[in-house]
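A short write-up of the structure that comes next.
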Protein chains: 2
Amino acid sequence: MPSSTPPPNARARQKRERRLALIEAAQRLVGERGLDDVTVEEISSAAGLSPRTFFNYFDSKDDAVLGIQEIELDAEVRAQFVAGGPSGRLMTDLETLVAGFLTNADPNIEQGERAMRLMVSEPRLVQRHIAWHQRVIGELEELLGERRKARPSPVDDDTIGMVAGLLMRASALAWARSGYEGDAVAHLPEAVAQLRLLLDD
Amino acid sequence: MPSSTPPPNARARQKRERRLALIEAAQRLVGERGLDDVTVEEISSAAGLSPRTFFNYFDSKDDAVLGIQEIELDAEVRAQFVAGGPSGRLMTDLETLVAGFLTNADPNIEQGERAMRLMVSEPRLVQRHIAWHQRVIGELEELLGERRKARPSPVDDDTIGMVAGLLMRASALAWARSGYEGDAVAHLPEAVAQLRLLLDD
DNA sequence: ACTGCAACTTGCACTCACTGCAAGAATAAT
DNA sequence: ATTATTCTTGCAGTGAGTGCAAGTTGCAGT
């Protein structure tokens, strides 16, 4: 996995280290004192950086606590989905795609777990987490437009996007309920099963 | 309907008028200039109020643009759901409950429509809108706990809550796609149908 | 090693959202 | 009429987030 391989480039390595240091400091301080009683100044100085630099790494304080970053979908998974695959059944392929997003989502599983825990005590973080899903769904909806050419569907993009977002969050919650066994993607099938169960009540 | 009945109380009437004036001003200015180029000071002075008073009415600028308010569920609908009804099938009853929320959601349909339109140009508002759904879902999850006693379900509260949120948003989007015919609740069955269609692909 | 280049950090000054508080005005209750 | 309540507002403050320009540091080509 690419996350355990430190980049040979000195610049990139430092960037990565500083990023992790900021997340670590943010999570620790917020865990101790609460989201509103920790300033960006404190977080950045705990990480040995200036407040101004903090905002070169994250758009907001909340983003740092969650360790939010841009995630890029695996090119192969992407191409396959656009072509109408891999199975040809939309719901199944959507599951594959969501799995693709989830695996690339979090390079550091410990920080991901701490982020999930902090969401329990700080509801604002949940909202930010969901908002971040929105960005992913934005990319997904582009793919849907392309896939439509290969394999049209009577379901509109909005619904598909919302279901994808629901599955991401449901997987994360199932992961938390399990006591953080394995990673979030391992609980995706469970999330799908729950959804089907409800719909077929 | 209670929304068209102005309260006899002078205080309450003024409160209502000022609230609507703030939403109206916020929506107009943001529509003209964009969310980040309008200040709270401008909105409140356009409504003839002080900036400080603005924050007595709304928690944030975004909330004013969306016209967000507390919504209370009809007591009868609530009691029926908790008792395990009205149909006894969870998904069906959930639909009834969501309909109950949607009908009480927006006292002013024109402002609701303008809010939906502004969400297209201002993605941040979408996030806030979804965040507001979260609060409703919070109340819903309390009801689920009680309903469980009368009628247990193998589906966990989180999934049910997320589906309820999805249905609210999907209804709103279907309403928008229809060119704002009727109200949002009229498009709830369509939203459910789309969801089922996807799951049964 | 020298040099020019690009990326990164930082300080500075600034805007503005949002809050607590306390005083004053308007309204309701008695 | 007077007392109590509720609402508005000004004031002073905190802190998030941004643009800019100057400095610093690693990188590439020669």
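Throughout, protein chains are lettered first and strands after them, A, B, ... in sequence-line order, and every chain is numbered starting at 1. All of these numbers come straight from a predicted model, not from anything done at the bench.
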**Candidate pair B:Tyr57 and B:Lys15, rule side-chain contact (heavy atoms from CB on, under 4.5 Å), full reasoning** = CA-CA 9 Å; B:Tyr57 282 84; B:Lys15 198 168 179 178; 3.9 Å; yes
**Sequence-distant partners of A:Arg117, side chain to side chain donor-acceptor pair (under 3.5 Å), two or more places apart** = A:Glu113
**Message:** Minimum heavy-atom separation for B:Ser44 and B:Phe54, please, with both atom names.
**Reply:** CB-CB, 4.1 Å
**Message:** What is the distance, to the nearest angstrom, from the CG atom on B:Asp36 to the P atom on C:dC16?
**Reply:** 11 Å
**Request:** State whether the side chain of B:Asn104 and the backbone N or O of B:Glu72 hold a donor-acceptor pair below 3.5 Å, judged by distance alone.
**Result:** yes
**Item:** Axis bend over the full length of the helix from C:dA1-D:dT30 to C:dT30-D:dA1, computed from five pairs that close each end, to 10 degrees
**Value:** 30°
**Asked** What integer distance in Å separates B:Lys61:NZ from D:dG17:P?
**Response** 13 Å
**Asked** Rounded to the nearest Å, what distance is computed from the CZ atom of residue A:Arg13 to the P atom of nucleotide D:dC27?
**Response** 9 Å
**Message:** Looking at every non-hydrogen atom in both residues, tell me the closest pair between A:Glu122 and A:Leu35 and how far apart they are.
**Reply:** OE2-N, 2.8 Å
**Message:** So if I apply the side chain to side chain contact (heavy atoms under 4.5 Å, CB included) rule between B:Leu198 and each of A:Leu195, A:Val155, A:Leu199, which one comes out positive?
**Reply:** A:Val155
**Prompt:** Yes or no on side-chain contact (heavy atoms from CB on, under 4.5 Å) for A:Arg177 and B:Asp156, after CA distance, side-chain angles and deciding distance?
**Reply:** CA-CA 11 Å; A:Arg177 270 197 302 272; B:Asp156 59 277; 3.3 Å; yes
**Asked** For residues 124-133 of chain A, which residues have at least one heavy atom under 4.0 Å from DNA chain C?
**Response** none
**Prompt:** Can you tell me how far C1' of C:dT10 sits from CZ of A:Arg18, to the nearest Å?
**Reply:** 11 Å
**Message:** Does anything in residues 43-58 of chain B come within less than 4.0 Å of DNA chain C? Heavy atoms only, and list the residues if so.
**Reply:** B:Arg52, B:Phe55
**Prompt:** How close or far is atom C1' of D:dG17 from atom CG of B:Leu35, stated in whole angstroms?
**Reply:** 15 Å
**Prompt:** When you check the phosphate oxygens OP1 and OP2 of C:dC8, does a side-chain N or O of A:Lys15 lie under 4.0 Å from one of them?
**Reply:** yes
**Item:** Test: B:Glu24 and B:Arg28 ion pair at under 4.0 Å
**Value:** yes
**Item:** salt bridge (Lys or Arg N to Asp or Glu O under 4.0 Å) involving A:Asp37 - partner list, sequence neighbours excluded
**Value:** none
**Request:** Check for a donor-acceptor pair, side chain of B:Trp175 on one end and backbone N or O of B:Ala186 on the other, with a separation under 3.5 Å.
**Result:** no
**Prompt:** In whole angstroms, how far is the C1' atom of D:dT14 from the CG atom of A:Asp37?
**Reply:** 12 Å
**Prompt:** Charged N to carboxylate O below 4.0 Å: is that the case for B:Arg148 and B:Asp157?
**Reply:** yes
**Integer-rounded Å distance: C:dC18 P and B:Asp59 CG** = 9 Å
**Asked** How does protein contact run along nucleotides 24-30 of chain C, one letter per nucleotide 5' to 3', with B for base contact, S for sugar-phosphate only, - for none, heavy atoms under 4.0 Å?
**Response** --BBS--
**Request:** Salt-bridge test for B:Arg78 and B:Glu146: reply yes if a basic N is under 4.0 Å from a carboxylate O, no otherwise.
**Result:** no
**Item:** Salt-bridge criterion met for A:Asp93 and A:Arg147 (N-O under 4.0 Å)
**Value:** yes
